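In what follows, a single structure is set out as structure tokens and then discussed.
Since the structure is predicted, the reported quantities are computational estimates derived from the model, not experimental observations. Atoms within each ligand, like the ligands themselves, are counted from 1 in listed order.
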Amino acid sequence: MGSTETFPGAASRSAQTSPGGAVLPGYYADPNILAIGDRYYVYATTDGYEGWGGTHFEVWESPDLASWTNRGTILTLGTDVPWASAHAWAPAAIERDGKTYFYFTAEQSVGVAVADSPVGPFREMLGRPLVDKADYGDGQQIDPAVFVDTDGQHYLLWGNTTGYVVPLDDTMAGFDPAAVRVVEGIDDFREALFLVERHGTYYLSWSVDDTRSEDYRVAYATGPSVYGPWTNRGVILSKDLEQGIRGTGHHSILQVPGTDEWYVAYHRFAIPDGDGTHRETTIDRLEFDDDGSIRTVVPTLGGVGPVPAPRAG
Ligand code: FUB
């Protein structure tokens with residue numbers, strides 16, 4: 001695929017890609033969606049490899065959540081990352097002071113890279129993992145997410161079967177190991193933690209089950225702080241067999257800056273013939289009830305949009 005190939009919105013997308021019309025054409029999983037400046041971005045796992053064997057990361061850019069341009073490869077294991085050469089999974093990004101920080105899984109550890117632009121080029125920062133699998137015993141040290149609290153403090157979350165959260169230091173590439181806390185009290189946690197805040201309530205969400213299962217799904221909990229304590233609220237995204245939608249998980253949540261409009265990006269088995277290593281990325285609306293609970297997401301075949309571009313802050 002060319003590095004700047006553009007794909008249009010839902011109306012004509014289905015003619016070019018799968019009958020499902022996922023937002024991103026091709027195999028992409030574990031999408032991390034965010035707004036930087038006046039564009040939306042999705043950072044994702046390149047999928048379609050046996051054993052999730054991808055070795056590079058790409059980024060997609062959109063003015064409206066409907067039309068997406070592949071801006072090419074932004075980081076390659078081995079070449080750009082000296083400490084790992086396999087299993088490039090589940091990235092996350094955040095903008096801070098004009099730089100984009102990129103957190104990624106490689107060989108079941110978590111690394112960090114930085115760039116002056118959301119589309120790179122990215123430079124690996126440490127020459128070693130930020131979260132080294134050798135330092136943590138439970139589950140896999142995968143699936144980073146980044147969260148900035150209302151006071152400006154940034155946090156890193158990650159984990160599989162055991163979830164972790166820690167404040168990042170101002171370099172965005174370090175933390176105090178003594179400050180790492182285990183995420184306690186959430187039901188059926190497998191992986192893919194994601195945290196947002198709305199009106200003083202913290203919403204922690206995660207994936208349940210195995211990404212190879214059609215029952216892979218997303219659950220959430222609410223709490224009064226980054227650290228909870230968490231009240232489980234149940235499942236918000238799951239399969240819809242009538243539409244042929246299976247394996248809906250490893251999501252991320254976007255708040256359109258300056259609005260109370262929210263979206264969820266997630267992967268599902270590619271339609272029609274996908275499975276747990278042939279997954280596609282799509283986006284749907286995420287809505288809140290008046291009591292602050294998240295409404296069950298209605299998975300669609302065609303995605304969303306177009307919506308207004310984010311206003312550069
Ligand atoms: O894409 C590889 C792995 O599959 C991710 O790290 C998990 O979250 C699951 O989606």
Side-chain angles (χ1 to χ4, degrees), residues 22-24 26-33 42-60 74-77 81 84-93 102-112 129-133 136 138-146 156-165 183 186 188-195 204-220 235-239 245-253 264-270 274-283 299:
V23 168
L24 301 188
Y27 298 133
Y28 293 90
D30 312 322
N32 184 256
I33 190 167
V42 166
Y43 299 84
T45 301
T46 53
D47 216 22
Y49 304 97
E50 193 175 334
W52 307 282
T55 56
H56 75 280
F57 295 99
E58 300 170 22
V59 64
W60 293 77
I74 54 166
L75 196 78
T76 301
L77 302 188
V81 179
S85 57
H87 296 130
W89 298 349
F102 180 70
Y103 301 86
F104 57 94
T105 309
E107 296 184 3
Q108 288 81 38
S109 289
V110 173
V112 58
L130 171 61
V131 177
D132 194 323
K133 62 187 173 191
Y136 297 87
D138 297 328
Q140 301 179 56
Q141 309 320 311
I142 64 175
D143 294 1
V146 273
L156 180 72
L157 302 96
W158 78 92
N160 159 283
T161 67
T162 300
Y164 299 94
V165 57
V183 176
I186 61 173
D188 304 319
F189 169 65
R190 175 64 63 94
E191 58 206 6
L193 288 170
F194 199 82
L195 184 61
L204 183 65
S205 47
W206 61 92
S207 292
V208 175
D209 207 335
D210 189 301
T211 193
R212 291 164 293 191
S213 164
E214 71 172 31
D215 293 321
Y216 197 54
R217 58 196 184 275
V218 176
Y220 86 109
V235 170
I236 46 167
L237 175 62
S238 59
K239 67 185 177 186
I245 295 173
R246 298 175 160 81
T248 49
H250 200 123
H251 67 301
S252 56
I253 294 172
V264 57
Y266 59 97
H267 72 234
R268 63 192 185 199
F269 292 1
D275 56 26
T277 54
H278 297 80
R279 301 166 294 179
E280 62 185 13
T281 281
T282 195
I283 301 170

key: Contact check, side chains of T46 and Y28, non-hydrogen atoms, under 4.5 Å   = yes

request  = Determine whether R190 and V208 make a side-chain contact, defined as any pair of heavy atoms from C-beta on separated by less than 4.5 Å.
outcome  = no

Consider ligand 1: state whether an atom of it lies below 4.0 angstrom from any non-hydrogen atom of [X].
| X | answer |
| --- | --- |
| H267 | yes |
| Q140 | no |
| T105 | no |

Where is the nearest protein heavy atom to [atom]: which residue, which atom, and how far?
| atom | answer |
| --- | --- |
| atom 6 (O) of ligand 1 | D143 OD1, 2.6 Å |
| atom 9 (C) of ligand 1 | E191 OE2, 3.3 Å |
| atom 4 (O) of ligand 1 | R279 NH1, 3.2 Å |
| atom 1 (O) of ligand 1 | D30 OD2, 2.5 Å |

query = Can you tell which part of Y266 has a heavy atom less than 4.0 Å from ligand 1: side chain, backbone, both or neither?
reply = neither

Structural part of A29 in contact with ligand 1, heavy atom criterion under 4.0 angstrom = neither

ask   = Out of K239, R279, R268, which one pairs with E214 under the salt bridge (Lys or Arg N to Asp or Glu O under 4.0 Å) rule?
value = K239

T105 (side chain) donor-acceptor with I142 (main chain) under 3.5 angstrom = no

inquiry  = Tell me whether D143 contacts the main-chain N or O of A192 through its side chain, where contact means a donor paired with an acceptor under 3.5 Å.
reply    = yes

query = Which class fits the ring pair Y216 and H267: parallel under 30°, tilted 30 to 60°, perpendicular over 60°?
reply = parallel

query = Angle class for the F102/F104 ring planes (parallel below 30°, perpendicular above 60°, tilted otherwise)?
reply = parallel

Which ligand 1 atoms does [X] reach within 4.0 Å, using its non-hydrogen atoms?
| X | value |
| --- | --- |
| A90 | 6 (O) |
| Y216 | 8 (O), 9 (C), 10 (O) |
| H250 | 7 (C), 8 (O), 10 (O) |
| I142 | 6 (O) |

query = At their closest point, which heavy atom of F194 faces which heavy atom of A145, and how far apart are they?
reply = CD1-CB, 4.2 Å

inquiry  = Under the ring-ring contact (aromatic ring centres under 6.0 Å, His included) test against W158, which residue among Y136, F189, W206 passes?
reply    = Y136

